[in-house]
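Worksheet: the structure to be examined is printed underneath.
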Amino acid sequence: DEIWVNSAIGRQKDRNLRERPFATIGVTDPQNPYRYLEVRGQVIDYVEGQPAHDHIEKLAQEYFGRAFNYGSPDEKRCIYKIVPTRVNASR
């Protein structure tokens with residue numbers, strides 16, 4: 001029902017999503033560049049603090065098998081909850 005995007009507070013993605021709460025997420029198949037998925041949606045909520053840090057740590061473990069490498073020790077994170085409003089895909 002939602003797509004979660006995790007970003008550091010203060011970065012360009014964070015500033016853009018707070019200023020304009022709409023996003024487009026595009027994914028290309030690495031085996032076939034003509035195959036893609038595009039999801040457009042609206043940011044309905046965001047969560048800062050420990051839940052966002054726990055989320056990025058879980059993703060790092062799942063995808064890389066290690067702890068997340070923070071840009072700086074005092075980095076603050078945020079999860080943006082996006083509800084899809086349109087989906088486009090190639091076959």
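This is a predicted model, so every value here is computed, not measured. Side-chain atoms are counted along with the backbone in the values below, which use heavy atoms only and exclude waters and symmetry mates.
In the hydrophobic clustering of this structure, Ile25 groups with Tyr80; members are Ile, Leu, Val, Met, Phe, Trp, Tyr whose side-chain heavy atoms approach within less than 4.5 Å, directly or through other members.
Here the shortest heavy-atom pairing between Val47 and Ala52 reads O-CB, 3.8 Å. Shortest non-hydrogen contact noted between Tyr34 and Ser90 is O-OG, 3.0 Å. Considering all non-hydrogen atoms of both residues, Thr85 and Gln42 come closest at CG2-N, 4.4 Å. Shortest non-hydrogen contact noted between Leu37 and Ala89 is CD1-CB, 4.0 Å. Pairing each heavy atom of Ala67 with each of Ala60, the nearest pair is C-CB, 4.0 Å.
Residue Asn32 places its CG atom among more than 12 non-hydrogen atoms of other residues, nucleotides or ligands, all under 6.0 Å distant. Applying the 6.0 Å contact sphere to CG of Asp1 captures no more than 12 heavy atoms from other residues, nucleotides or ligands. No more than 12 heavy atoms of other residues, nucleotides or ligands lie within 6.0 Å of CZ in Arg35, so this atom counts as exposed by the packing criterion. Around CZ of Arg86, the count of heavy atoms belonging to other residues, nucleotides or ligands within 6.0 Å does not exceed 12.
Annotation: side chain of Glu38 is not in contact with side chain of Val87 (no heavy-atom distance under 4.5 Å). Side-chain contact check for Ile82 versus Val5: some heavy-atom pair is nearer than 4.5 Å.
Screening Gln12, Arg11, Arg18 for a side-chain hydrogen bond (donor to acceptor under 3.5 Å, both in side chains) involving Asp14 leaves a single residue, Arg18.
In summary, the aromatic rings of Tyr70 and His53 are positioned with their centroids under 6.0 Å apart.
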Assess the residue pair Val39 and Thr24 against the criterion (side-chain contact (heavy atoms from CB on, under 4.5 Å)); give the C-alpha distance rounded to whole Å, side-chain angles, the decisive distance to 0.1 Å, and a yes or no.
CA-CA 6 Å; Val39 180; Thr24 300; over 6 Å; no

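Remark: Asn88 CG to Arg40 CZ distance equals 6.5 Å, nearest 0.5 Å. One distance of note links CZ of Phe68 with CD1 of Ile56; it measures 4.5 Å at 0.5 Å rounding. For the atom pair NZ (Lys81) and OH (Tyr46), the distance works out to 13.0 Å, reported to the nearest 0.5 Å. One finds the CD atom of Glu48 at 3.5 Å from the CD1 atom of Ile9 (value rounded to the nearest 0.5 Å). Between the CG atom of Asp54 and the CD1 atom of Ile79 there is a distance of 8.5 Å, given to the nearest 0.5 Å. Taken from CZ in Arg77 to CG in Asn6, the straight-line distance is 4.5 Å, to the nearest 0.5 Å.
With Phe22 as the aromatic partner, Arg20 does not meet the cation-pi criteria of under 6.0 angstrom to the ring centre and within 45 degrees of the ring axis.
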